[in-house]
Amino acid sequence: MENMTVGQLDTNLRRFYAEARNKSGESYSKPSLLGFRHSFERYLNAPPLSRGLKLNQSLVTAANRVFYTTTRSPQHHSSVPAVKSFREA
């Protein structure tokens with residue numbers, strides 16, 4: 001994650017938001033996905049990386065589209081655009 005370009009980060013975050021599931025196989029809740037996003041941002045912006053990224057801004061547009069789509073729908077998986085899984089990529 002620390003060595004990814006902004007484009008690579010966008011692609012991988014998009015996949016993560018679309019595919020992330022808890023131990024019982026259900027989609028994570030909106031607060032959980034927000035927690036993940038904030039922790040990724042903290043990690044990328046803390047020293048020694050200090051990348052100065054805001055993951056809710058236009059730098060990661062594809063990831064944000066999937067994030068907002070999944071957190072708005074009651075059943076996350078039904079309205080998420082199709083993306084290749086990590087296993088397929």
Side-chain angles (χ1 to χ4, degrees):
M1 181 178 246
E2 58 272 356
N3 296 322
M4 290 181 190
T5 65
V6 173
Q8 291 170 326
L9 187 61
D10 188 28
T11 299
N12 286 300
L13 285 174
R14 175 179 55 107
R15 289 178 181 164
F16 174 77
Y17 296 145
E19 298 178 17
R21 300 289 183 265
N22 61 25
K23 286 183 181 181
S24 62
E26 298 171 352
S27 297
Y28 282 103
S29 65
K30 182 177 182 174
S32 293
L33 286 176
L34 279 169
F36 283 124
R37 182 164 75 176
H38 291 301
S39 65
F40 296 151
E41 193 171 284
R42 270 193 313 275
Y43 173 73
L44 292 169
N45 292 324
L49 300 177
S50 303
R51 291 186 63 178
L53 296 173
K54 298 275 187 203
L55 297 181
N56 63 344
Q57 292 181 343
S58 62
L59 294 173
V60 288
T61 51
N64 282 330
R65 253 183 276 131
V66 172
F67 177 84
Y68 291 120
T69 300
T70 58
T71 56
R72 277 191 213 141
S73 64
Q75 293 182 337
H76 296 209
H77 54 56
S78 63
S79 62
V80 176
V83 293
K84 284 187 177 181
S85 71
F86 284 116
R87 288 169 235 98
E88 296 172 331

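- N3 meets the side-chain hydrogen bond (donor to acceptor under 3.5 Å, both in side chains) test with no other residue; sequence neighbours excluded.
- Side-chain N or O atoms of N45 include none that pairs as donor or acceptor with a backbone N or O of S50 at under 3.5 Å.
- Screening L13, V60, N56, T71 for a side-chain contact (heavy atoms from CB on, under 4.5 Å) with R37, the sole residue that qualifies is N56.
- Here the CD atom belonging to E2 is positioned 11.0 Å from the CG atom belonging to L9, to the nearest 0.5 angstrom.
- Once rounded to the nearest 0.5 Å, the distance linking CD of E41 with CG of L55 reads 4.5 Å.
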- Message: N64 vs Y68, test: side-chain contact (heavy atoms from CB on, under 4.5 Å). Steps then yes/no.
- Response: CA-CA 6 Å; N64 282 330; Y68 291 120; 3.9 Å; yes
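- The closest donor-acceptor contact from the side chain of N22 to the backbone of Y28 lies at 3.5 Å or more, if one exists at all.
- The heavy-atom pair separating A62 from R14 by the smallest distance is CB-CD, 3.7 Å.
- From Y43, atom OH reaches atom CE of M1 across 8.5 Å, with rounding to the nearest 0.5 Å.
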- Task: List the steps, then state whether side-chain contact (heavy atoms from CB on, under 4.5 Å) holds for L34 with F67.
- Result: CA-CA 9 Å; L34 279 169; F67 177 84; 3.5 Å; yes
